[in-house]
> 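Here it is, the structure in full.
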Amino acid sequence: MTVLHSRENSWAMPKLRGSLLVLLLLPVVCVGDARLRRTRSSGPTATEAAVETYNKYYNYVELTALLQSLAEKHPHIANLSSIGRSVEGRELWVMRITRDPHTDAPGKPKFKYVGNMHGDETVSRQVLVYLVEELLSKYGEEPRITELLNTTDVYILPSMNPDGFERSTEGDCNGDNGGRNNANNADLNRSFPDQFDGTTVSPDTVPETMAVIKWIQANKFVLSGNLHGGTMVASYPFDDSASHKQQGLYSQSADDSLFHSLALVYSQNHPVMKTGHPNCPSDTQETFKDGVTNGAQWYDVTGGMQDYNYIYGNCLEITMELSCCKYPPSSELHKEWDLNRESLIAYMEQVHIGVCGYVKEAVSGAALSNVNIVVAGIRHNLTTGKFGDYYRLLLPGTYNITAVAPGFTPKTVYGVQVMEGKAKELNFTLTPVVSEAAGSIAVPTPSTPSTTRSPDMTTSDSPNPTEARVLPSKEHDSNPPFPPPGLPAIQPEKFRHHNYADMELFLRKYWNDFPSIAYLYSIGHSVKHRELYVMVISDNPTVHEHGEPEFKYVANMHGNEVVGRELLLNLIEYLCRNYGTDPEVTELVNSTRIHIMPSMNPDGYEVATQGDVQGYKGRNNSNNFDLNRNFPDQFNTITEPRQPETIAVMNWLKSIPFVLSANLHGGSLVVNYPYDDDKDGINRYSSSPDDKVFQQVSRAYSKENPLMHSGRPCQDLYPAEYFADGITNGASWYNVPGGMQDWNYLNTNCFEVTIELGCVKYPLENDLPKYWEQNQKALLQFIRQVHTGVKGTVSDSKDGTGIPNATISVAEIDHNVTTAHTGDYWRLLVPGTYSITASAHGYMPFMIYASVAEDRVEVVDFRLTRVQSDLNQPQKKFHSLIKELSIGQGLEQLVKNTATENTFRYRGYQELSEFLRGLNLNFPKITSLLSLGHSVEFRKIHALEISNKPLEAEPYEPKVRFVAGIHGNAPVGTELLLEFAAFLCINYGKNPAITRLVNETRIVIVPSINPDGREQAVENQCTSTQGFTNARDKDLDTDFFGNASQRDAAQPETKAMMDLIFDKGYTLSVALDGGSLVVTYPYDKPVQSVENEGTLKYLAGVYANNHPKMHLGATECSNTGQTGNIPDGVMRAAERQSHMGSMKDFSMDFGHCPEITVYTGCCLFPSVDQLATLWTENKKALLSMLVEVHKGVRGMVRDKSGKPIVGAIIVLNGGVRVFTTEGGYFHALLAPGSHNIEAVADGYQQQRQEVVVSSYEAASTIIIEFDMDNNIFGLPREFVVASAAASMTALVVTACIIWCVCATKSNHQKDGFHRLRQHRDDYDDEIRLTSMGSKKSLLAHEFQDESESEEETLYANKI
C-alpha cells in the first residue's frame, strides 16, 4: 500500500465540522498591509548576518534574529513583518523582497512562498531561509536576480507552523515523533474553507490559518508555492473532489493545463524530482510521471491551502514535496539547497507569463479596481488590483479576453496571441454605460465585485453587492422619466428549459445587455462547484440604497421542481426589457432592489428528468440531502451536516437586510406560510407572531393566480386536497423541520413564504408558456407587498446620523426587526393602528402610534436622544473625526496626507531653544513658549503649549503632556517631540483633521527635562551612561517624591516638572526615553497590584499597536537585556526595572494623571541617519495619543441650581480618583467597557453612574447633579441632633457616679501600694525588662517618627 508521506492518512481522519466557514464571512481586517511596516535602518548596532554554513537548523529565536538582521542589512529591498501569531504566540514572519519594499507599486505582480506548514517537514523552512539570503546577496550583482526583484513583489514565509517545528525531532524521517500539527493538534493543511463541503475546524484552534487567510485576502497574489516534505513531487489542484474518493480520482480545475505546466517548471529543474522516481524508503515503488501529480488523484485532501488560494484568493498555488525524509539530519541541508535552488527561482519567474495590463475608465482615465478579467473557455476569472492592474497567467495560445465591470460597457479583445516568455501587455479602457431612457451616464461604484466570492470574508476595499451606501431617496432625479401609459408590455420571447450552462449564459447576457439595472453575482457554490447565481434588478443594482427595501425570489431548491427556475428567468427578461417603457415595471425597479436566484440546487437539476410529475430524482443535492430540511430549526435538532448550498444562503441572508421573500417550489399549487413545523411534530396550525401579515402577503399572490385561489388545484393527483383562498399554514398542511422559510423569519428581518407553482414538478417544455401566463401578475404583485406596513429611519437626534442595529418593536407582536447599516428599516404590517417603539443601546427609547393603510407604506422616522447629553454644543463633526481616526485606515491615511519635508539632526541646548522660539514666532496664534524652571547649570527647561487659545484657560478641553529627555544620553525622544511640534504647527490650518485636533486639545510639549545631561552625551553611543544623570550626578527619574521635605531637597529639574505635574488638569502624559523597544505603564515601584491597570495597559497598548514594530514584542536589545518576547510590546514598568521616585509614579499619585513611557529603540543615542526612520515609526503612534485623549468619560459636576462644584472627587471603579477643575469639569481615560463612576463632595449626597466607553467613540459625557446632604451618618439631621443631646446628658451623669466611687476606694489603694514598694527590690529588674523590653526596643520607640511621609504611606497602601 502506498505511503502518503506529508499528507498521509488524511482521508481516514474523521471529518472535522466547525463554524469557521460562517465566521469567516466577517469583514477582513487588512492585516497584511497594516503590518508590513518599515524596519529600522541599519546602524552601528545592527547585527551583521553571519556567513551561511548550510549545516544547522534555525530554531525560532535564531530564525527571528537572522531575518531581522537581514532586513536591517538590506533595507532598500527587504522588509520584515509579521502576519500574525501561532497558538503559542510565535510570530509568523514574512520577508518581503523587492525594490522599495515598503510601498505597493503598479506593474509588480505579487508572488509568495510558504514553508513549514507541517512543523516536522523542515527542509522547506531552511531552503526558504537560504532563498532569502540568495536573493538579498545577489541583488545588484546577478542580472537574473536583480531583474526578478525589480519586477516582482516577493513574499517569503519560512515557517507557518513555528510551534510544530519546536516540538519536532531532527532525524525523524516519517513524522513519528510529532510536530506535524500546530499546538492545538490541528493539521493546518486541513483547516482552510473547502470548496465542496466547507468542512473545517474552529478558527480559535488555527490562528495560523486565520492569519494566512487574512494575508491572502489582503494581497492579490498571482502565483504561490507551498513547500512540504515526505516525498519528491509537485502537486497541483484540485486537492479533493466532491465524492472525496480516497485515491485515483483526477479532480480537474479550470486552469488544469496551466497548473500542470507550472508544476513541470519546478519538477524539471529539480535533478531528482524530474525523474518521477523519488525512491523514498517508505515506498520505493512510488512513481510520478515527470515528477508531477494532480492532488486528488494522489489522494484526497479536504481543506487544503492550495485550493483555497485558487478558488478564493485570485492566486494560483501548487504544493512542492522536497525530500523523502521530513526532518533529515542538518548535514543534508546543503544538498537539499543545491537540489532546489534553480527550481525555486525558475518557478518564481513564471509569475510573468500570460497577459498583464491595466484597466482604466474612459472619461477620467482613473484606474478601475476589481474589474473581472474573463478568458473565454476558462471558467475562472480574476480581478484587477487597486492600480487597475491585472496578471492573468496563460499558456501560449490564442484567447478572447474580456474586461467586465458593472456600470461600464464590457470590452472584449479577440485573438490575443500569448507567446512563450514574458507576458503580453493588454490594456482595457471601459466606457461608462449611457442610459438610453435617461440620456445620462450611469455612475459606477468605486470598485466592483468579482462574480467569484470568498466564502470567508470580504475586504473593506472590495465591496460586495450587499455593501450599504447612503444614496438619495427615491425622489432623486436620476430615475428615468416616467413612461406614458398604454404601451404594451414586452413578453418573454422563448420558453424552454435551461440547463446550467444555458442558464449561466442567459444571466450573463442580460447582465451585459442591461448593466444599468442588472447585476450578476454568486453567493457561493453547490457541492459540484456550480455557481449559485443571483441577478439583482434595480436602478442602482450594486448597492443598498437608503430607504429602499431588499426583496428576493429563490427557486429550484428541489432540483426536480423546475417551474420556479424558468419563471424567474422569464421575470428577469420581463423586468429588463420593460424597464423605462412600462410604468409598473419602471416604478417597481426604481423603488425596490430585487434579488433573483433561479437555482439554489443546480446539481439536482442536472440529474432531474423532464416529465417527472411526482418523483424524487434530482430533488436533493449531490450529497443526497434535502436542502429544505437542512436549516437550523426552532423545534427540532437537525443532525444532517449543513450543506454548502445551505451555508451560502444563510450567509447571504445575514449580509443583506431582506424584507420579503418567496421560495418557489412545485408539486402543488398553494402559498404556504410559517410556521412550517410544530413543537410536537403534529400536523396542526402553527402560527407565528405575524400570522396576519403572512396571510395577507400569501393572499396577495394567490389572488392573482385564479387557479391557485380556487383552492382545488390538483384534483387529478390529490382530489381530497383543499386550500381556502389558495393559501395554507405550513404545519397545518404537513410538518417540515429544517425549512428555509422559518429560518428566514426567526433569524433575519425577512418574511418568507413558500409558493408551490404547479401540480407537475418537471413539466414538458411546451407547457411552460401557461405557467408564465398564470403567474406573471402574481409574481409582480408579491414584490409590491414589500411596500406595505411601515418604514423609516432611526437616527441620532443631535447629529442626524443613522443608528444601525436599532430595534423596532410593535406592541402585542412578539417579533422585532432591526435597522440596517444606515439606520433604515422596514416592518410589514396589516392595516391598523400600532404602538411602535424604536430603541438602541445608549439611547432613550421612543414610542409612537402609527396607522397603517392598505396598499401603501407609512413612513415613520425616529430620532433618538442619547441617554447622556453632551456638555457643550453638539460636536458631531469632531466626534465623527475621532471615530474615523480610530477605525480602519483613518489614522494611517492622516499620516500619509500630512507628509512634511524633514531635515533631521541632533540639536544642542542652544539650537533647541532657538527652534522652540522659532515655532512660537512663526505660529503665535497657536503656540505659547514657557519656562518651567532651570537646570543645575541654569539652562531653561522649556515647555511649548500648542492650542487654538494657548493663553486662555479651557478646562473642558483634555490636556495632554509629552515629555522627553529625562535622561540626557537618550535624546531621540527630544528630537521626535521637536519634529512632532513642528508637524502640528505646519499642518494647522492646512489639514482639517490636524486643525480640529489642535483646536480641541491642549498640548504641552517638554522636549528636554535634563538639558545638562544632554550636553554631556555623545552621539553613536548606544549603551553609554554619559549624560544619563544631571550635573549633580542624580538620576532625575529617582527624584520625584511627594513628601514635603523630600520635595524641598529635589533637584531643580525635578522641581520644575513637579510644579507642572501638580497642575491637575492633565488627562494623559507620554514620556519618551530610549534603550528598549517597549511601552511601560505605572508603576515603577514594586507594588503588588495596580488600580485601574486595565486602563493603563490599554493606553500603552494603543501606542504600541500604532508602532510598526513595537507591538510585535520580540525585538532583542542585547545592550539592555531585552531578549524575550514582550506580549504586545507592553509591560508594567516595575517588571522592566523597578525603582522608587519615578516621574511616572509621581504623575499618577500626585498629578492624578496616567503616564506611559515609550522606549523608542534599543540604541540610546543612535546615529543621526536613523532619526528619519524613528520619526516614521513613531509619527502615527504620537498622533494616536492626540486621538485617545478625547475618549474615556468626561462630564460636569454641579448642584441643583446649576452651580459648578470644583474639587469634587470622581472615583473610577471604586479606586482611582480624579478631581473636578474650574467649571466643575472632569475627564478620565478608561479602557473600553462598562465602568462605575462615583462622585463625592463635602455637604452633598454621593452620586453613582455607570458609563460605557468605546474604543472608537469620543468620550461619553455625563452630568452629575448633587443634592444637599441632609443626613448625618445616613440618618435625618434632626434625629442625630436630638440623640447627641441625650447622649451628652447621660455621659455627664455617668461621670459623676464614677467620681464618687473612685473617691471611696482611694484609701484602700494607698495601703496596697505601700506594701508593694517594700518588696520592690526583689523583682525590680524583672519589672524593668517586662515593661520596657530590650534597650534596642526602647531606643527604637524613643526616636521613631510616627508620621510617615506621604510617599511611604502611599507605598504601604499599595502593598
Side-chain angles (χ1 to χ4, degrees), residues 32-33 36 67 70-71 74-81 83 93-115 127-158 215-216 218-227 258 261-263 265-266 269 309-310 313-318 320 340-358 373 382-394 418-426:
D33 289 339
L36 296 178
L67 294 176
L70 291 169
H74 304 276
H76 58 300
I77 58 169
N79 182 26
L80 181 66
S81 66
I83 63 168
W93 294 116
V94 171
M95 185 72 87
R96 184 182 187 186
I97 307 176
T98 187
R99 184 176 61 188
D100 191 9
H102 309 293
T103 58
D104 287 340
K108 290 199 295 185
K110 291 179 182 288
F111 177 94
K112 66 180 168 71
Y113 272 132
V114 177
V127 298
L128 289 184
V129 172
Y130 303 154
L131 179 62
V132 169
E133 294 172 324
E134 178 84 352
L135 296 176
L136 295 178
S137 63
K138 297 296 177 62
Y139 180 79
E141 297 179 5
E142 187 174 314
R144 182 188 184 191
I145 300 297
T146 303
E147 181 185 4
L148 180 64
L149 297 184
N150 284 342
T151 58
T152 318
D153 203 353
V154 179
Y155 295 76
I156 297 177
L157 170 58
W215 183 42
I216 291 169
N219 295 274
K220 285 188 178 292
F221 291 110
V222 178
L223 184 60
S224 174
N226 179 12
L227 276 55
L258 175 61
S261 176
L262 292 169
V265 169
Y266 198 96
N269 283 283
N309 271 271
Y310 179 62
N314 224 56
C315 176
L316 282 75
E317 180 175 282
I318 67 171
M320 300 85 159
N340 286 281
R341 179 192 179 279
E342 178 58 27
S343 293
L344 289 166
I345 296 174
Y347 182 74
M348 294 167 69
E349 291 171 331
Q350 295 303 296
V351 78
H352 292 287
I353 67 172
V355 294
C356 64
Y358 297 85
I373 303 300
L382 53 80
T383 56
T384 56
K386 64 182 179 181
F387 300 108
D389 50 340
Y390 74 93
Y391 310 89
R392 203 345 170 160
L393 305 188
L394 292 169
V418 174
M419 311 297 289
E420 285 191 13
K422 294 295 183 184
K424 178 181 181 64
E425 184 170 352
L426 178 64

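Quick note: residue numbers are just sequence positions, from 1.
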> Short question: side chain of T98, backbone of V154 - any donor-acceptor pair under 3.5 Å?
no
> With rounding to the nearest 0.5 angstrom, report the CG to OH distance, N340 to Y130.
11.5 Å
> With a 4.5 Å limit on heavy-atom distance, are the side chains of I77 and L135 in contact?
no
> If I take atom CG from residue L227 and atom CE from residue M320, how far apart are they, to the nearest 0.5 angstrom?
6.0 Å
> Might you point out which heavy atoms bring H352 and P109 nearest each other, and give the distance in Å?
CE1-CG, 3.6 Å
> Please name all residues satisfying side-chain hydrogen bond (donor to acceptor under 3.5 Å, both in side chains) with E141, sequence neighbours left out, ordered by chain then number.
none
> Look at the rings of H74 and H76 and say which category their plane angle falls in: under 30° parallel, 30 to 60° tilted, over 60° perpendicular.
tilted
> Does any non-hydrogen side-chain atom of Q350 lie less than 4.5 Å from one of L393?
no
> For D389, check side-chain hydrogen bond (donor to acceptor under 3.5 Å, both in side chains) against everything at least two apart and list the hits.
Y391
> Could you tell me whether the side chain of L131 reaches within less than 4.5 Å of the side chain of Y113, counting heavy atoms only?
yes
> Using side chain to side chain contact (heavy atoms under 4.5 Å, CB included) as the criterion, list what pairs up with S224, not counting sequence neighbours.
K112, C315, E317
> How would you list, by chain and number, every residue that makes a side-chain hydrogen bond (donor to acceptor under 3.5 Å, both in side chains) with E147, sequence neighbours excluded?
none
> Decide yes or no for N226 and N309: does some side-chain heavy atom of the first lie under 4.5 Å from some side-chain heavy atom of the second?
no
> Keeping Y266 on the side-chain end and I318 on the backbone end, is there a donor-acceptor pair under 3.5 Å?
no
> Any idea which heavy atoms bring N314 and T383 closest together, and the distance?
OD1-N, 3.2 Å
> Salt bridge check, D104 against K220: does any charged N sit closer than 4.0 Å to a carboxylate O?
no
> Restricting to salt bridge (charged side-chain N to carboxylate O under 4.0 Å, His left out), what partner residues turn up for E134, sequence neighbours left out?
K138, R341
> Taking D153 as the fixed residue, which of K108, R99, R96 is the one that meets the side chain to side chain donor-acceptor pair (under 3.5 Å) rule?
R96
> Write down the atom of W215, the atom of Y155, and the distance for their closest heavy-atom approach.
CZ2-CB, 3.8 Å
> For a quick test of reading the model, state the closest non-hydrogen atom pair linking G313 to I216 and the distance between them.
CA-CG2, 3.8 Å
> Which residues pass the side-chain hydrogen bond (donor to acceptor under 3.5 Å, both in side chains) test with Y347, sequence neighbours left out?
none
> Using side-chain heavy atoms (C-beta onward) and a distance below 4.5 Å, is E133 in contact with V129?
yes
> Test your reading of the model: is there a side-chain donor-acceptor pair from T384 to the backbone of Y390, 3.5 Å cut-off?
no
> At what distance, to the nearest 0.5 angstrom, does CE of M348 lie from CD1 of I97?
7.5 Å
> Go through it in stages, so that I can follow the logic: the residues are N269 and I345, the test is side chain to side chain contact (heavy atoms under 4.5 Å, CB included), and I'd like the CA-CA distance, side-chain angles, deciding distance and then a yes or no.
CA-CA 10 Å; N269 283 283; I345 296 174; over 6 Å; no
> Would you say Y358's side chain and G107's backbone share a donor-acceptor pair under 3.5 angstrom?
yes
> Determine the minimum heavy-atom distance between V94 and I83, stating which atoms define it.
CG2-CG2, 3.7 Å
> C356 and A423: which non-hydrogen atoms are nearest, and at how many Å?
SG-CB, 4.0 Å
> Is the closest side-chain heavy-atom distance between H102 and D100 below 4.5 Å?
yes
